[in-house]
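Step one of this worksheet: look at the structure below.
Read the numbers this way: they start at 1 and go in the same order the structure lists the ligands and their atoms. This chain uses plain numbering: 1 for the first residue, then up along the sequence.
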Amino acid sequence: MSDGQRILISEIFHSIQGESSFAGWPCAFIRLAGCGHGCNYCDTTYAEKDGVPMTVPEIVEKALAFGAPCVEVTGGEPLLQDGVYSLLEALCNRCEQVLLETGGFLPVHDVDPRVRIILDVKAPSSGVSAENCLENLPLALRSPDRFEFKFVLASREDYLWSKEFIFSHRLAGTCTIIFGAVFGVLEPQLLATWILEDRLPVRMQLQLHKYIWNPDTRGV
Ligand code: SF4
């Protein structure tokens with residue numbers, strides 16, 4: 001939760017971007033504390049607690065000190081804290097490439113238009129697919145260059161559901177679409193085979209940081 005101009009921060013760190021079309025780039029990450037959606041495969045449950053209150057200038061200075069070509073605001077669920085909007089604006093004023101990664105449950109209308117939004121669409125295995133915020137879709141279709149849709153899949157059922165979703169909502173061929181596999185649950189080779197068989201217009205991605213470092217390592 002925000003405290004006036006302060007934002008609760010779980011961690012700020014320097015790593016390799018691992019989960020979008022920016023995968024592979026050095027990136028400064030700002031992880032906001034708090035979420036509560038309870039996705040079954042959540043790998044950042046530690047961000048639910050122990051947040052440290054920081055002002056926007058403090059956060060910006062710490063993140064930009066890494067000198068990375070991009071900065072990503074993530075969580076937890078970053079859009080739960082009101083201060084995130086002024087943080088994103090301040091980052092855009094100082095950095096060419098600002099990314100926002102959100103769980104996709106909340107509207108993104110008030111996000112600075114200079115931000116590239118990586119928006120999760122939760123498939124059935126997440127346990128929360130009924131909570132996807134569909135009102136974000138028309139905005140994405142009007143400004144496709146601002147959006148990437150990320151599906152993290154744990155099963156064949158997830159894959160088929162996601163395939164139906166991208167076509168029924170006209171995202172296929174319009175926005176960047178990322179299909180990834182839940183680490184240690186869905187074999188990447190299987191997912192690759194399905195994508196190729198169906199000739200889907202999606203980018204497959206693995207959680208790069210989990211291959212570079214131990215998958216349980218924090219702050220990478
Ligand atoms: S939205 Fe993200 S941070 Fe929140 S529970 Fe789901 S995976 Fe975890």
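- In terms of protein heavy-atom proximity, atom 4 (Fe) of ligand 1 is nearest to Cys35 SG, 2.2 Å.
- Tyr159 and Val182 sit in two unconnected hydrophobic clusters of ILVMFWY residues. Membership requires side-chain heavy atoms under 4.5 Å apart, directly or through other members.
- Side-chain N/O atoms of Glu157 and Ser125 include no donor and acceptor closer than 3.5 Å.
- Contacts with ligand 1 closer than 4.0 Å are made by side-chain heavy atoms of Thr44 only, the backbone lying farther away.
- In the candidate list Cys42, Cys39, Gly75, Ala47, Cys42 is nearest to atom 8 (Fe) of ligand 1, counting heavy atoms.
- In summary, the atoms of ligand 1 found under 4.0 Å from a heavy atom of Gly38, numbered by their order in the structure, are 5 (S).
- Not a single heavy atom of Tyr41 lies less than 4.0 angstrom from ligand 1.
- Listed by number with element, the atoms of ligand 1 under 4.0 angstrom from any heavy atom of Gly76 are 3 (S).
- Residues Gln97 and Trp25 have side chains not in contact (no heavy-atom distance under 4.5 Å, counting atoms from C-beta outward).
- Considering Arg31, Glu101, Glu48, Lys122 only, the shortest heavy-atom separation from atom 2 (Fe) of ligand 1 involves Lys122.
- The contact set between ligand 1 and Phe105, taken as ligand atoms under 4.0 Å from a residue heavy atom, comprises 1 (S).
- For the pair Asn132 (side chain) and Leu134 (backbone), a donor-acceptor distance under 3.5 Å is absent.
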*Audit row: Ile118, Glu72, side-chain contact (heavy atoms from CB on, under 4.5 Å) steps and yes/no*: CA-CA 10 Å; Ile118 303 159; Glu72 176 172 316; 4.1 Å; yes
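- Under a 3.5 Å cut-off, the side chain of Glu89 and the backbone N or O of Leu91 do not form any donor-acceptor pair.
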